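What follows is one structure encoded as structure tokens, with my remarks underneath.
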Amino acid sequence: MIGTIAGILTTLAFLPQVIKVLQTKDTKAISLGMYLMSVTGIFLWMLHGYRIGDMALFIANVVTFCLALVILIAKLKYK
């Protein structure tokens, strides 16, 4: 139960930032380096979850990857 709640919260933690970035198109305060590392790390966790057959780990990281990728793309687009 604790792991499920933690997974949901850490996965959805990116959602408010995605909404704000898409509404304002303001990415000045977002660190490009941090998002490059985050998206890469999340992608690797996603691959790890797939390789070990842990669907909860895989799916949580697919969602997180997509949300973080939206922010990273916006950061690159709205420089």
Side-chain angles (χ1 to χ4, degrees):
M1 181 67 143
I2 292 173
T4 301
I5 294 168
I8 290 169
L9 289 174
T10 56
T11 297
L12 296 180
F14 284 85
L15 193 55
Q17 190 68 57
V18 168
I19 292 168
K20 183 173 183 177
V21 164
L22 292 178
Q23 285 177 343
T24 66
K25 298 185 180 18
D26 179 16
T27 61
K28 188 172 98 174
I30 295 174
S31 168
L32 178 60
M34 181 269 191
Y35 267 90
L36 284 171
M37 292 191 309
S38 288
V39 168
T40 302
I42 294 163
F43 180 77
L44 294 173
W45 274 115
M46 184 178 67
L47 286 180
H48 177 67
Y50 178 77
R51 289 193 67 197
I52 67 171
D54 186 333
M55 283 298 110
L57 181 63
F58 175 71
I59 291 169
N61 281 287
V62 166
V63 173
T64 307
F65 176 77
C66 292
L67 293 172
L69 188 60
V70 168
I71 296 168
L72 178 60
I73 291 168
K75 174 66 177 173
L76 295 171
K77 183 178 178 181
Y78 302 128
K79 278 186 170 182

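Just so it is clear, the model here is predicted, and its values are computed rather than measured.
- The distance from atom CZ of Phe65 to atom CD1 of Ile59, rounded to the nearest 0.5 Å, is 16.0 Å.
- At a threshold of 4.5 Å between side-chain heavy atoms, the hydrophobic network of Ile, Leu, Val, Met, Phe, Trp and Tyr places Met46 and Met55 in one connected group.
- The distance from the CD1 atom of Ile19 to the CD atom of Gln23 is 7.0 Å, given to the nearest 0.5 Å.
- In this structure, the separation between CD1 on Ile73 and OH on Tyr78 is 10.5 Å, given to the nearest 0.5 Å.
- By the criterion of side-chain heavy atoms lying less than 4.5 angstrom apart, applied directly or through intervening Ile, Leu, Val, Met, Phe, Trp or Tyr residues, Trp45 is not grouped with Leu69; the two fall into different hydrophobic clusters.
- One finds the CD1 atom of Ile71 at 3.5 Å from the OH atom of Tyr35 (value rounded to the nearest 0.5 Å).
- Checked by atom type and distance alone, the side chain of Lys75 pairs as donor or acceptor with a backbone atom of Ile30 at under 3.5 Å.
- Residue Leu12 shares its hydrophobic cluster (ILVMFWY side chains chained together at separations under 4.5 Å) with Ile8.
- Phe58 and Tyr50 have tilted rings, their planes meeting at an angle from 30° to 60° on a 0 to 90° scale.
- Residue Val18 comes nearest to Leu67 through the heavy atom pair CG2-O, 3.3 Å, listed as atom of the first residue, atom of the second, then distance.
- Residues passing the side chain to side chain donor-acceptor pair (under 3.5 Å) test with Thr27, sequence neighbours excluded: none.
- Considering every non-hydrogen atom in both Gly49 and Leu57, the closest pair reads CA-CD2, 3.5 Å.
- Ile42 and Asn61 make their closest contact through CG2-O, 3.4 Å (heavy atoms, listed as atom of the first residue, atom of the second, distance).
- Of all heavy-atom pairs spanning Ala74 and Val21, the tightest one is CB-CG1, 3.3 Å.
- Thr10 places none of its side-chain heavy atoms less than 4.5 Å from the side chain of Thr64.
- Atoms CE and CG, from Met37 and Leu72 in turn, are 12.0 Å apart once rounded to the nearest 0.5 Å.
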